[in-house]
Amino acid sequence: MSNSMSFLSTRQKIYLPFKRFFDILLSFLAITVFSLLYIVLAILVKVTSKGPVFFKQERIGKNKKHFKILKFRTMRIDTPKDVPTHMLENPEQYITKIGKFLRKTSLDEIPQAFNIFIGQMSVVGPRPALYNQDDLVTERDKYHANDIRPGLSGWAQCNGRDTLPIPEKAKLDGEYTKRFNVWFDIRIIVKTIFQAFTGKDEVEGKKKDF
């Protein structure tokens, strides 16, 4: 896939530098304002299960460049490596006590503020696929959804999240790529916050893709 951004509209090209500015600003605020929360969650992860505080995993970034995504660890250290949750026969057996809460509220994702700050991710964009999710990556290629920065949350996350089949998820990611602007991003952020508190569309097991 070409690195050219010719598929974007003129307004989107103008918006991109501002989008990056807000990514830096919001991620910096998240890192500083919620520093105490980071510390509390890190302690809870460490004292409730054996293993590191953070979980790093190889993901697909902009232009399909690989990077290490950062999360609070929510699963036991004996969980099969680099396997999407939906591929596990019984994922519940691997999820830690605090991990279940973190995944339900999406608090396990907040260390990705560091990924956003250094430019590997955006606040809003397609959720980064696992490096071995070839089916999802291939589908996203049809819509240029692999050619923009992946996000902490995205349009697909707001419209089914873990319940969506891969073709539908990729189509929604493509819709975002075609339509994104400041108001669309704000809309997605608001919906994401609502879903984080309600746990809407969160599914563990064979329907969860990442």
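Heads up: numbering here begins at 1 and tracks the sequence. Keep in mind that this is a model prediction, so the values were computed, not measured.
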Heavy atoms only: give me the nearest [X]-[Y] pair and the separation to one decimal.
X	Y	answer
C158	S153	SG-OG, 4.5 Å
P128	I60	CB-O, 3.6 Å
I95	R103	CD1-NE, 3.9 Å
I31	Y38	CA-CE1, 4.4 Å
T96	G99	OG1-N, 2.9 Å
H144	T177	O-CG2, 3.7 Å

Please report the interatomic distance [atom1]([X]) to [atom2]([Y]), rounded to the nearest 0.5 Å.
X	Y	atom1	atom2	value
L172	R179	CG	CZ	10.0 Å
E168	E139	CD	CD	10.5 Å
I118	L70	CD1	CG	9.0 Å
Q120	Q112	CD	CD	10.5 Å
F21	D23	CZ	CG	11.0 Å
I189	L152	CD1	CG	9.0 Å

Between [Y] and [X], is there a side-chain heavy-atom distance shorter than 4.5 Å?
X	Y	value
F72	L107	no
D141	K64	yes
V190	F194	no
I188	K191	no
Q157	T192	no
N115	I69	yes
T32	F28	yes
V137	Y131	no

Next item on the list: Ignoring hydrogens and angles, state whether a donor on the side chain of T74 or D108 is under 3.5 Å from an acceptor on the partner side chain.
Entry: no
Sequence neighbours left out, what passes side-chain hydrogen bond (donor to acceptor under 3.5 Å, both in side chains) with [X]? Give chain and number order.
X	value
R11	none
R76	D78
R73	S49
Y15	D185

Quick check on the hydrophobic clustering: are [X] and [Y] connected, directly or via other members, by side-chain heavy-atom contacts under 4.5 Å?
X	Y	value
M75	V53	no
I39	I98	no
F18	L26	yes
L102	V47	no
I110	L29	no

Next item on the list: With sequence neighbours excluded, tell me which residues meet ring pair (Phe, Tyr, Trp, His ring centres under 6.0 Å) with F101.
Entry: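 So F101 forms no ring pair (Phe, Tyr, Trp, His ring centres under 6.0 Å) with any residue.
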Notebook entry, point to check: In chain order, what residues pass the ring pair (Phe, Tyr, Trp, His ring centres under 6.0 Å) check against F67, with sequence neighbours excluded?
Noted result: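 F67: no ring pair (Phe, Tyr, Trp, His ring centres under 6.0 Å) contacts found.
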Checklist line | T138 side-chain N/O to D135 backbone N/O, donor-acceptor pair under 3.5 Å | finding: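 Not at all, since once roles are kept as given, no pair shorter than 3.5 Å links the two residues.
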Next item on the list: Taking E109 for its side chain and S106 for its backbone only, find out whether a donor-acceptor pair lies under 3.5 Å.
Entry: no
Next item on the list: Apply side-chain contact (heavy atoms from CB on, under 4.5 Å) to the pair H66 and R59, showing each step before the final yes or no.
Entry: CA-CA 6 Å; H66 291 202; R59 296 290 182 114; over 6 Å; no
Check: Looking at W155 versus F180, is the centre-to-centre ring distance below 6.0 Å?
Finding: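 Centroid distance W155-F180: not below 6.0 Å, so no.
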Next item on the list: Check step by step if side-chain contact (heavy atoms from CB on, under 4.5 Å) holds for K19 and V124.
Entry: CA-CA 9 Å; K19 182 176 173 69; V124 182; 4.1 Å; yes
Check: Just checking, K71 and F54: is the charged tip under 6.0 Å from the six-membered ring centre and within 45° of the axis?
Finding: no
Does [X] [atom1] have over 12 foreign heavy atoms under 6.0 Å away?
X	atom1	result
F34	CZ	no
K171	NZ	no
K13	NZ	yes

Next item on the list: Apply the test side-chain contact (heavy atoms from CB on, under 4.5 Å) to residues S122 and I116: give CA-CA distance (whole Å), side-chain angles for both, the deciding distance (0.1 Å), then the verdict.
Entry: CA-CA 5 Å; S122 180; I116 295 169; 5.7 Å; no
Notebook entry, point to check: Stepwise, does the side-chain contact (heavy atoms from CB on, under 4.5 Å) test hold for Q12 with N181?
Noted result: CA-CA 6 Å; Q12 287 178 314; N181 56 54; 5.9 Å; no
Margin query: Please determine whether a side-chain nitrogen of the Lys or Arg among D173 and R127 lies less than 4.0 Å from a carboxylate oxygen of the Asp or Glu.
Written below: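 So D173 does not pair with R127 through a salt bridge.
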